[in-house]
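Heavy-atom basis, side chains included; hydrogens, waters and symmetry copies ignored.
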Amino acid sequence: MLKLTNLTLARGAKRLLEGANLTLFAGHKVGLIGPNGAGKSSLFSLLLHKVTPDAGDFEMPAKWVVAHVAQETPHSHRSALEYTMDGDKELRDLEAQLDVAEAEHTDDDKSGERLAELHEQYDHIGGYQANSRAASLLSGLGFTDEQMAQEVASFSGGWRMRLNLAQALMCRSDLLLLDEPTNHLDLDAVMWMEDWLAAYPGTLLLITHDRDFLDAVVKTIVHLDQQKLNEYGGNYSTFERTRAMQLSLQGAAYIKQQRQVAHLQSFIDRFKAKATKAKQAQSRIKTLERMELIAAAHVDSPFSFSFREPVAKPRQLLHLKEADLGYKTATGEKTILKNVEWRLFYGDKIGLLGPNGAGKSTLVKSLAATLALQHGGRFEGQGLKIGYFAQHQIEQLRLDESPIHHLRRLDPTTREQEFRDFLGGFDFRGKNADSAIAPFSGGEKARLALALLVWQKPNLLLLDEPTNHLDIEMREAVAEALQDFEGTLVVVAHDRHLLKACADQLWLVADGKVGEFEGDLDDYKKWAKDYAKRRLKKVDIKPVSVSPSKNAPNPALVLEIAGGAPDRKDQKRADAEVRQKKSGARKPLEQKLAELEKKLKAATAERDNIEQRLATEDAYADGNKPRLQEMLKRQGEVVAEISDVEWEWLDVQQKLEEDAA
């Protein structure tokens, strides 16, 4: 159990936590959220014993092994695979002890016993499977077999962060601390990591601004707000609903939400009957349905901006004709995508999907004309104006200049007050608008790069991971602004909330081709898993010379030693026994499934009943506040219970399907 009692934590003169309390039990998966600078990373430093509390108590079991992602990667000549295995400290310690024991081994009993004990410990911690485990982690994070053999020093910064993440996951920890683990991952790796963390048996404390990732992984939210740690049962969506109710009780304004609802409804009313706009209208309807649940939690957002109306609106903005795309290497040209035929029309909203290295960024660079085509043509519509956002745009900002100066470079004739009003929507106000950006955080620089892009009135937006380093409030503001953007959008993002909110079409980049993807993001997750299985090479694991049972040999070894096929009668008898065992094994699973369905039905009915009561005006009367608080608390508990039961139901159902196969 991890326990913080009346904790006060300060950074310099600024108090981050004061009188904060929190209790986390073993095995809990918790999302830690709050605005940038609120103290989330400082709390991690406390748990890692890098800082001490200014007041209060902090308790954690002394035997707990704590894992976290290192921020620095040594300039090592070790392979990526060996570096990942270094994350398991106990494994490496035992290997060192085994090396010494084997070197000093003699024929006496004591030496033999010591060596046998070490081998038993090594087997117990899964040492013989460690190589395979490390390879599986690296593969899930997007490394190829060739990359696993490369030296750590040969990787770029983003890939080194993936290596550090793999090393943290390799550690058999009791407490795992992850601070923005998805920032350097693509969508496929994010989805793989969700599944990995769902199966992680220890306690997880996760900081991330990816709301879909939070929803899939955590079952508790801890909100760092006003120097306190406020705990909410359920995932992030549950937190948003509960938080929205709380804000409404506090008299929070819904003006912003109502303006957005009116704007979306106007679009739906105007275009839902037009065939060319029907898909976009349906997208706005879905957005409107979601907004009624979530937007109230963001009424206090410091961000408020929209894309300016493009000057030109050509019907066809860009055409790639029989294009080969790729880049130059030390040995010549490498082609990534062949014979691409693609037209972008005004108003298209496209999300690009595909495995790591398939060519998504190469395609976006070619569209932006920052990467020359190897073959074929690139034809621009009259009046095309591209707004291109990628991570290198942030690196090209002038560190010695202020946000105001950056805008003045783009538009020397505009009044300074207009610049200030515009930058205020991106939360650059007062001194922040006038100060050199050198000390700005990564998120602040990304916000400025987006602001510069918005100012230029593009009619084609090319966005390559635009939400990296942005907090949840800014991500929400970007999604809302993109929903209103009239021009054409092509976006690569691991943030599924952004893709769901903004993309009307999904295109797949894989196996050297570009084409429309028939399905949604859930379908893509299934596709990505199947694709990874097809490409993943089997790892050759040498058998351990230890029998699974002292009394019975491994059946597979018996067949190998005996040679030849077993007798057909014996085989039929064995098959019948297997079928009987399967039938016997299915009954408890079927009974469990029925119990879970009964629980799910009861919990769903209770949730619906609470929501019906919360929808009445009487629920918010002054005299009913204690009852309302009780209902809100119970709502969070029931939603969390439904989530738990659904996951358990899926697990049991999967086992039944596996038995039937």
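- Side-chain atoms of Tyr236 and Asp212 form no donor-acceptor pair, as typed in the model, at a separation below 3.5 Å.
- For His223, the ring-ring contact (aromatic ring centres under 6.0 Å, His included) partners at least two apart in sequence or on another chain are Phe239.
- Thr604 OG1 to Glu597 CD: the interatomic distance, rounded to the nearest 0.5 Å, is 11.5 Å.
- Between Leu138 and Leu81 there is a side-chain heavy-atom pair separated by less than 4.5 Å.
- Counting only heavy atoms from C-beta outward, the side chains of Leu470 and His209 never approach each other to under 4.5 Å.
- When the side chain to side chain contact (heavy atoms under 4.5 Å, CB included) test is applied to His77, the partners found at least two apart in sequence or on another chain are Glu151.
- The two atoms that bring Ala134 and Thr84 nearest to each other are CB-CG2, 3.9 Å, heavy atoms only.
- Sorted by first and then second residue, the salt bridge (Lys or Arg N to Asp or Glu O under 4.0 Å) pairs with a member in residues 23-43 form an empty list; sequence neighbours excluded.
- Here the shortest heavy-atom pairing between Leu48 and His68 reads CD2-ND1, 3.6 Å.
- Counting only heavy atoms from C-beta outward, the side chains of Thr208 and Leu214 approach each other to under 4.5 Å.
- At least one side-chain heavy atom of Leu498 sits less than 4.5 Å from a side-chain heavy atom of Pro466.
- In this structure, the side chain of Lys360 engages the main chain of Pro355 through a donor-acceptor pair within 3.5 Å.
- From Met148, atom CE reaches atom CG of Asn131 across 9.5 Å, with rounding to the nearest 0.5 Å.
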Show me the donor-acceptor pairs within less than 3.5 Å that the side chains of residues 159-170 make with the rest of the protein, sequence neighbours left out.
| unit_1 | atom_1 | unit_2 | atom_2 | d |
| --- | --- | --- | --- | --- |
| Arg160 | NE | Phe155 | O | 3.0 |
| Arg160 | NH2 | Ala153 | O | 3.0 |
| Arg162 | NE | His184 | O | 2.9 |
| Arg162 | NH1 | Leu141 | O | 2.5 |
| Arg162 | NH2 | His184 | O | 3.2 |
| Asn164 | OD1 | Thr73 | OG1 | 3.4 |
| Asn164 | OD1 | Tyr83 | OH | 2.7 |
| Asn164 | ND2 | Ala70 | O | 2.9 |
| Asn164 | ND2 | Glu72 | O | 3.4 |
| Asn164 | ND2 | Thr73 | OG1 | 2.9 |
| Gln167 | NE2 | Tyr83 | O | 2.7 |

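- Put simply, the side chain of Asp88 does not reach to within 4.5 Å of the side chain of Cys171, judged on heavy atoms.
- Note: Leu229 CG to Leu4 CG = 6.5 Å, rounded to the nearest 0.5 Å.
- Formation of a donor-acceptor pair under 3.5 Å by the Thr242 side chain with backbone atoms of Thr238 is found in this model.
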In sequence, state the C-alpha distance, the side-chain angles, and the governing distance for Tyr531 and Asp188, and then conclude on side-chain contact (heavy atoms from CB on, under 4.5 Å).
-> CA-CA 10 Å; Tyr531 185 84; Asp188 289 42; 5.6 Å; no

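- Within the 4.5 Å cutoff, no side-chain heavy atoms of Ser136 are placed close to those of Trp196.
- A donor-acceptor contact shorter than 3.5 Å is absent between the side chain of Asp210 and the backbone of Asp495.
- Separation of atoms CG (Leu224) and CG (Leu16) is listed at 8.0 Å; rounding is to 0.5 Å.
- A salt bridge is absent between Lys63 and Asp174: the closest approach of a Lys/Arg side-chain nitrogen to an acidic carboxylate oxygen does not fall below 4.0 angstrom.
- In this structure, Trp527 and Ala510 approach most closely via the heavy-atom pair CH2-CB, 3.8 Å.
- In this structure, the side chain to side chain contact (heavy atoms under 4.5 Å, CB included) partners of Val100, at least two apart in sequence or on a different chain, are Glu104.
- For Asp523, there are no side-chain hydrogen bond (donor to acceptor under 3.5 Å, both in side chains) partners, not counting sequence neighbours.
- Taken from CD in Glu146 to OG1 in Thr144, the straight-line distance is 4.5 Å, to the nearest 0.5 Å.
- Side chain of Asp179 to backbone of Leu206: no donor-acceptor contact under 3.5 angstrom is found.
- At a threshold of 4.0 Å, the pair Arg92-Glu82 counts as salt-bridged, since one of the basic side-chain nitrogens sits closer than that to a carboxylate oxygen.
- Ion pairing of Lys529 with Asp195 is present here, as a side-chain N (NZ or NE/NH1/NH2) and a carboxylate O approach within less than 4.0 Å.
- Checking Glu476 against His497 by side-chain atom types alone, a donor-acceptor pair falls below 3.5 Å.
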Under 3.5 Å, side-chain donor or acceptor atoms of residues 17-24 against the rest of the protein: list the pairs with distances, not counting sequence neighbours.
| unit_1 | atom_1 | unit_2 | atom_2 | d |
| --- | --- | --- | --- | --- |
| Glu18 | OE2 | Arg15 | NH1 | 3.1 |
| Asn21 | OD1 | Asn6 | N | 2.7 |
| Asn21 | ND2 | Gly19 | O | 3.4 |

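- Here Lys598 does not pair with Glu595 in a salt bridge; the nearest charged N to carboxylate O distance is not below 4.0 Å.
- Atom NZ of Lys599 has 12 or fewer heavy atoms from other residues, nucleotides or ligands within 6.0 Å.
- Ser173 pairs by the side-chain hydrogen bond (donor to acceptor under 3.5 Å, both in side chains) definition with Tyr200, not counting sequence neighbours.
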Audit row: Met191, His494, side-chain contact (heavy atoms from CB on, under 4.5 Å) steps and yes/no | CA-CA 9 Å; Met191 294 188 301; His494 66 256; over 6 Å; no

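- Looking only at side-chain heavy atoms (C-beta outward), Phe44 and Leu32 come within less than 4.5 Å of each other.
- A search for side chain to side chain contact (heavy atoms under 4.5 Å, CB included) contacts involving Asp93 returns Gln97, not counting sequence neighbours.
- Taking CZ from Arg447 and CE from Met474, the interatomic distance works out to 6.5 Å, rounded to the nearest 0.5 Å.
- In plain terms, the two heavy atoms of Ala130 and Leu91 that are nearest each other are CB-CD2, 3.7 Å.
- Checked against a 6.0 Å centroid threshold, the rings of His49 and Phe58 count as neighbours.
- Distance alone, capped at 3.5 Å, places no donor-acceptor pair between the Asn235 side chain and the Lys219 backbone.
- Within the structure, no pair that satisfies the salt bridge (Lys or Arg N to Asp or Glu O under 4.0 Å) test touches residues 50-60, not counting sequence neighbours.
- In terms of the side-chain hydrogen bond (donor to acceptor under 3.5 Å, both in side chains) criterion, Thr220 has no residue partners (sequence neighbours excluded).
- Residues satisfying the side-chain hydrogen bond (donor to acceptor under 3.5 Å, both in side chains) criterion with Glu194, sequence neighbours excluded, are Arg496, Lys525.
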Trace of the side-chain contact (heavy atoms from CB on, under 4.5 Å) decision for His469 with Asn183 = CA-CA 7 Å; His469 308 294; Asn183 268 358; 3.5 Å; yes

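- Ring centroid separation for the pair His28 and Phe25 comes in under the 6.0 Å cut-off.
- Within the 4.5 Å cutoff, no side-chain heavy atoms of Tyr232 are placed close to those of Arg241.
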Evaluate side-chain contact (heavy atoms from CB on, under 4.5 Å) for Leu178 paired with Leu204, printing each intermediate quantity in order.
-> CA-CA 8 Å; Leu178 295 179; Leu204 171 68; 4.0 Å; yes

